[in-house]
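See structure below.
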Amino acid sequence: MKRVGLLMGLRRPPEWDGAVRALEGFAGVHYVTDPRREPMDAWLASAPDVSGLRYARASGVPVAVLGEDVTFPVDGIDASLRVPVTPFVRARWRRAADLPAHLIVDASSLAGDVLPSALAVASAVIVRGDRARLLEAMAWGAACVTDVPTADALGAVPGTHVVAGSGHQAEGLADELARDDSRAACLGRAARRLVERRWDTAVAGRAVRRALGIRRSPIDEALDDLSTPAEARIRARVQERVWETLSCTLGS
Amino acid sequence: MDNLVAAFRAAGHQAELVHLPVAWEPERLFDSALAWRLVPVDADLVVATNFPSYYVRHPRKVVWLFHQHRGAYDAADSAWSGFGLDEASLETQRQIADWDCRVLEEAERIYATSATVADRLLRYNGLTATPLAHPPPLADRLATGPYGRTVFSGGTRLAANKRPELLVEAMGFVQAEDVRAVAAGDGPLRAELEATARRAGVAGQVDFLGFVPDDELVRRYAEALAVLYAPFDEDYGYVTLQAFLAAKPVITAKDSGGVLEWVEDGVTGLVTDGSPAEIGAAIDRLAADTELARRMGEAGRERVAGLSWDPVVSTLVGGGPA
């Protein structure tokens, strides 16, 4: 396992802990004050002005500076725990669960424990003034109606990632959106991509690891690039094939 | 695809067709898709057409979409799809849709073989494709002939989605005594269709030819009165274009998908409600008025006159309006 040296100055940036957690399980992490005395396989620095960075760069191993070489979202979400669901598949999930064919969910009025399920099957979602719930809905690939300030808080563009609407207007807009699979599919897909690009701690974590030269097998990386859930059957099939091949090779 | 490769080569490009095997059982569906992600393709440009080949990774990937895995999408409820409403099926469908979105987004441009296929891509995946039509097989050989007394099905597979039973059942409603139905092609439904013809008392008016060589296919188009092609929600429909190249009108149904992008009711053919009775009436109408058949067939030929591989190649290679 690679040894990653952590260079952190007096100030701890808010995204630092998340970036370090992204290395857990993939590398051994070590807080280091003097890189001259402790050679490492890679270095992660919390800021460009942190002490020891010059020596780390001179060491010839990968070095990444948070905020410069890699970014990690503050107030992000682990999108790998929320799977994007297209309108067509949502309709089948609703059919399987005997839910109404046309289902609009107001995220503001739902209890936290039922929120994920509701966001995964809804034809359209209304989010009123709640950044966290909009982020959650977008991570599920839901087609959302929300107010402009909440959209702005996530960098969501009305017409591209969400439909802008508030107050009583929101219900009518959500109804229209729920009846337009093409539009819902476009918005839901774009919304999920925005989450992955700007707010996804899982994607950011992979970028941090790549910057530090910590790579998985080509097959695992290919599956990660496709946002394949950890428990997806294809991952297990790959492992089974690898073991079969190893067994045949070792057996022969 | 061989015609596409030939067209690239005729235009002076070096082109190779790359195949990987694919397993269609839901349990193994992702195996080939993943394999495509790992295959290195040494080329200046890659054109991908079908699931799972569009999973290929390349900095210059152009998708010309013929088929997604329809069993996971619009044909999910059909008997052959392998997908139900169980948890495993639903998760597989979810993952295919998500994977399809991601790999198709990688393309520098996305085209579709028809507006029907483009519409499905938009509805199911939220992605836009530009329709790009191409000539059917035998385009350079098809020619018109006399408007005879046969209604031809084209060389289509005798499978459920093509609805070959409509030709047989419609003959039970045809009043014109000298009209015959001719079905070329083979498939899992052949024995059942022959039995249906016997039960309906029309076995003497329906010819099942099986697979026929190209020469005979060309001849059958040339001597037909009309072509009946009424599949369910067809992607594109080579039979339609082959009929038009032979200047024959096409009888079809209102739910035949891509066929309706070419067949205009009363202009290039007749669009029915898909019932054997209405199809039979359409056959009778043309049998009684061969001049109408000729006019509509000629209009169909004009409709496809511009189809050529040259603009397909230049669009795929260089972009620009399709």
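By convention in this document, chain letters (A, B, ...) are assigned in the order of the sequence lines, proteins followed by strands, and residues within each chain are numbered from 1. Only this structure's heavy atoms are used, side chains among them; waters, hydrogens and symmetry mates stay out.
- Taking chain B as the reference chain and counting heavy-atom pairs below 4.5 Å, the highest number among A:T228, A:D225, A:V238 is found for A:T228.
- Of all non-hydrogen atoms in B:F66 and B:N50, the two that sit nearest each other are CB-OD1, 3.0 Å.
- With respect to A:R95 and B:D77, a salt bridge is recorded, a charged nitrogen being found less than 4.0 Å from a carboxylate O.
- Proximity to chain A (any heavy atom under 4.5 Å) is shown, for B:Q93, by both the backbone and the side chain.
- B:H13 contributes no side-chain N or O that, together with a main-chain N or O of B:A15, makes up a donor-acceptor pair within less than 3.5 Å.
- Taking the six-membered ring for Trp and the full ring otherwise, the centers of B:F30 and B:W99 sit less than 6.0 Å from each other.
- Within the 4.5 angstrom heavy-atom criterion, atoms from both the backbone and the side chain of B:L90 approach chain A.
- Contact annotation for B:A33: neither backbone nor side-chain heavy atoms come within less than 4.5 Å of a heavy atom of chain A.
- A:I219 touches chain B through backbone and side chain together, each having a heavy atom under 4.5 Å away.
- Using a 4.0 Å cut-off between charged nitrogen and carboxylate oxygen, B:K61 and B:E108 do not count as a salt-bridge pair.
- In terms of heavy-atom pairs under 4.5 Å with chain B, the best-connected choice from A:R241, A:R233, A:R237, A:R183 is A:R237.
- No donor-acceptor distance shorter than 3.5 angstrom exists from the side chain of A:E15 to the backbone of A:P73, with no hydrogens or angles considered.
- Neither the backbone nor the side chain of B:D86 comes within less than 4.5 Å of any heavy atom in chain A.
- With a 4.5 angstrom heavy-atom cutoff, A:E231 does not touch chain B via any of its atoms.
- Per-residue counts of heavy-atom pairs under 4.5 Å with chain A were compared for B:R57, B:E87, B:E91; the largest is that of B:R57.
- Proximity to chain B (any heavy atom under 4.5 Å) is restricted, for A:R192, to the side chain, taken from C-beta onward.
- Interface residue B:L38: only side-chain heavy atoms are found under 4.5 Å from chain A.
- Between B:W24 and B:F51, the angle of the ring planes lies from 30° to 60°, which puts this pair in the tilted group.
- Along residues 86-93 of chain A, the residues that come nearer than 4.5 angstrom to chain B, judged on non-hydrogen atoms, are A:T86, A:F88, A:V89, A:R92, A:W93 in order of number.
- Of the inter-residue distances, the one linking A:R179 atom CZ with A:I104 atom CD1 reads 7.0 Å to the nearest 0.5 angstrom.
- Using modelled atom types, no side-chain atom of B:R70 and backbone atom of B:A75 make a donor-acceptor pair closer than 3.5 Å.
- Using a 4.5 Å cut-off between heavy atoms, A:I234 touches chain B through its side chain atoms alone.
- A salt bridge is defined here as a Lys NZ or Arg NE, NH1 or NH2 lying under 4.0 Å from an Asp or Glu carboxylate O, and B:E25 with B:R28 meets this definition.
- In this structure, B:W262 and B:Y236 have perpendicular ring planes: the angle between them is above 60°, well past the 30° mark.
- B:Y111 places no side-chain N or O within 3.5 Å of a backbone atom of B:V312 that could act as its donor or acceptor partner.
- With chain A as the partner, the residue from B:R37, B:R94, B:R123 showing the most heavy-atom pairs under 4.5 Å is B:R94.
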